[in-house]
Asks: 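Next up is a structure, given as structure tokens.
We name chains A, B, ... by the order of the sequence lines, and we start the count at 1 in each one. Quick caveat: nothing in here was measured; it's all calculated off a predicted structure.
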2 protein chains.
Amino acid sequence: MTSVAPIRRTGGRSARVLDAIYTAVGQLMGEGKPDKLTIPVVAERAGVNPTSIYRRWGDIDELLEEVAVAALTQDGDRAPDTGSLGGDLQAWARIVLEDIGTPKRTRYLRAMVAARDGLAPDCPCLAQRRVMAAELIERSEARGERAPSVAQIIDHLVMPLYGRVLMGHPTDQADADRLAADVLALAGEGCSGPNDR
Amino acid sequence: MTSVAPIRRTGGRSARVLDAIYTAVGQLMGEGKPDKLTIPVVAERAGVNPTSIYRRWGDIDELLEEVAVAALTQDGDRAPDTGSLGGDLQAWARIVLEDIGTPKRTRYLRAMVAARDGLAPDCPCLAQRRVMAAELIERSEARGERAPSVAQIIDHLVMPLYGRVLMGHPTDQADADRLAADVLALAGEGCSGPNDR
DNA sequence: CGGCTAAAGCCAATACCGTTGCGTTAGCAC
DNA sequence: GTGCTAACGCAACGGTATTGGCTTTAGCCG
């Protein structure tokens with residue numbers, strides 16, 4: 001059987017509905033606990049029929065995950081450029097903390113983690129971070145400095161911040177600064193071999 | 001008003017019911033996603049009336065959180081004692097990864113994170129880790145070695161592991177080893193001041 | 001512009017969850 | 001053993017999420 005290509009309709013109304021749903025989820029996530037976040041509620045807030053949501057996603061968690069990754073992926077933050085790796089790391093650490101530290105973003109993060117099952121090669125919400133880290137490193141090496149690897153920055157700067165936020169551990173700018181300092185120290189010492197993971 | 005002390009009944013039947021519920025939650029968590037984990041389901045699996053669960057916890061999330069912290073707190077792991085800080089860190093990193101890397105434990109971790117709302121001074125699932133870290137440090141300093149702080153070990157060894165697991169990022173023993181090596185390097189260099197946070 | 005049909009809306013039926021009131025069982029203290 | 005009552009089991013209720021059938025709207029293509 002020659003299965004005909006299903007022609008998607010992405011424009012006009014569909015786009016409008018989808019956008020309304022996204023913004024509705026965003027609003028509701030910004031307001032309170034995700035516990036009471038149910039499909040009928042989202043539908044009403046979006047001025048959309050619940051059936052549409054059921055048809056398109058089928059499950060709240062799927063919708064939540066989709067919105068969460070969308071929200072966590074598009075951070076238009078520019079990588080800081082202070083002239084030194086230490087300054088860049090510190091500034092960037094503060095930015096990341098500021099970003100994921102807001103209640104809404106924290107809920108998004110938790111929702112995304114909760115929705116996750118099994119192993120996925122790389123989490124979409126870290127992709128942007130990797131790009132940023134790589135940019136910092138590149139600039140640093142262009143200046144002739146010793147720089148840590150992307151993996152090291154992710155593991156020792158981003159992961160602690162994400163972990164703290166996820167666990168609800170209070171974290172302030174000073175903590176971010178210390179993490180940045182530690183990573184910088186790690187770069188200065190080539191102790192752990194090539195470490196180009 | 002002399003509020004009479006409510007005499008709890010912890011023995012016999014109550015204990016049996018509670019144990020059945022705990023094991024039921026454990027089984028169900030080991031099987032699949034927590035999405036479909038509802039009170040009636042747990043009750044049926046435990047051979048217990050749903051009312052008992054509602055009365056005692058009132059909410060699934062509370063029950064889940066309680067079981068999760070119970071499961072994540074009681075790790076009877078002995079802190080490894082290899083004779084050197086580097087060896088201890090590496091062995092411990094492997095243990096921790098082995099622990100939280102199992103599907104069941106990972107789901108527990110995710111459930112606990114999802115249940116979290118707002119900021120709490122310290123996450124119960126990290127308390128035991130802190131104790132272990134402190135023990136490692138103590139032994140190390142007794143040998144006259146330079147040791148990192150507890151916070152550093154948590155931030156740079158435990159958090160990356162937890163973060164990776166939570167995000168579903170594939171992690172193997174080699175990754176754990178590298179993290180341990182990095183922390184060790186961090187200890188060797190006193191770059192970031194006293195750092196006794 | 002007009003036809004085709006994907007996608008949204010509407011409505012009713014269903015299923016399941018959470019809740020409450022009351023009778024029954026069985027710890028704990030004496 | 002006996003009494004008291006905490007904790008469990010049972011059953012019925014109310015509400016809300018979910019599903020299916022059908023109609024209506026409006027993208028996309030010629």
Asks: In this structure, how many angstroms lie between the P atom of D:dC8 and the CG atom of B:D19, rounded?
Replies: 13 Å
Asks: Does any part of the side chain of A:L28, heavy atoms only, come nearer than 4.5 Å to the side chain of A:V41, both counted from C-beta?
Replies: yes
Asks: Can you tell me how far P of C:dG18 sits from CG of B:L37, to the nearest Å?
Replies: 11 Å
Asks: Would you tell me whether A:E145 and A:S140 have side-chain atoms, one donor and one acceptor, within less than 3.5 Å of each other?
Replies: yes
Asks: Quickly work out the B:I21 CD1 to D:dC8 C1' distance and round it to whole Å.
Replies: 10 Å
Asks: Show me the side-chain donor-acceptor pairs of residues 50-63 of chain A shorter than 3.5 Å, one per line, residues at least two apart or across chains.
Replies:
from  : atom 1 : to    : atom 2 : distance (Å)
A:T51 : OG1    : A:N49 : OD1    : 2.7
A:S52 : OG     : A:N49 : O      : 3.4
A:W57 : NE1    : A:E66 : OE1    : 2.9

Asks: So, B:Y162 versus B:R129: side-chain donor-acceptor pair below 3.5 Å or not?
Replies: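 Short answer, yes.
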Asks: Got a second to check how far B:R146's CZ is from B:L85's CG, nearest 0.5 Å?
Replies: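 One gets 12.0 Å once the value is rounded to the nearest 0.5 Å.
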Asks: So, applying salt bridge (Lys or Arg N to Asp or Glu O under 4.0 Å) with A:E31, which one of A:R45, A:K104, A:K36, A:R107 is it?
Replies: A:R45
Asks: Just checking B:L18: base, sugar-phosphate only, or nothing, at a heavy-atom cut-off of under 4.0 Å?
Replies: nothing
Asks: Return yes if a side-chain donor-acceptor contact under 3.5 Å exists between A:D182 and B:H156, otherwise no.
Replies: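 There is such a pair (donor and acceptor under 3.5 Å, judged by atom type) between the side chains of A:D182 and B:H156.
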Asks: Do A:D175 and A:R178 sit within salt-bridge range, that is, some charged N less than 4.0 Å from a carboxylate O?
Replies: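 Yes.
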Asks: Does any residue of residues 44-59 of chain B have a heavy atom under 4.0 Å from DNA chain D, and if so, which ones, in number order?
Replies: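 B:V48, B:N49, B:T51, B:S52, B:R55, B:R56, in order of number.
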Asks: Can you give one letter per nucleotide of nucleotides 25-30 of chain D, 5' to 3': B if a protein heavy atom sits under 4.0 Å from the base, S if only from the sugar-phosphate, - if neither?
Replies: BBBS--
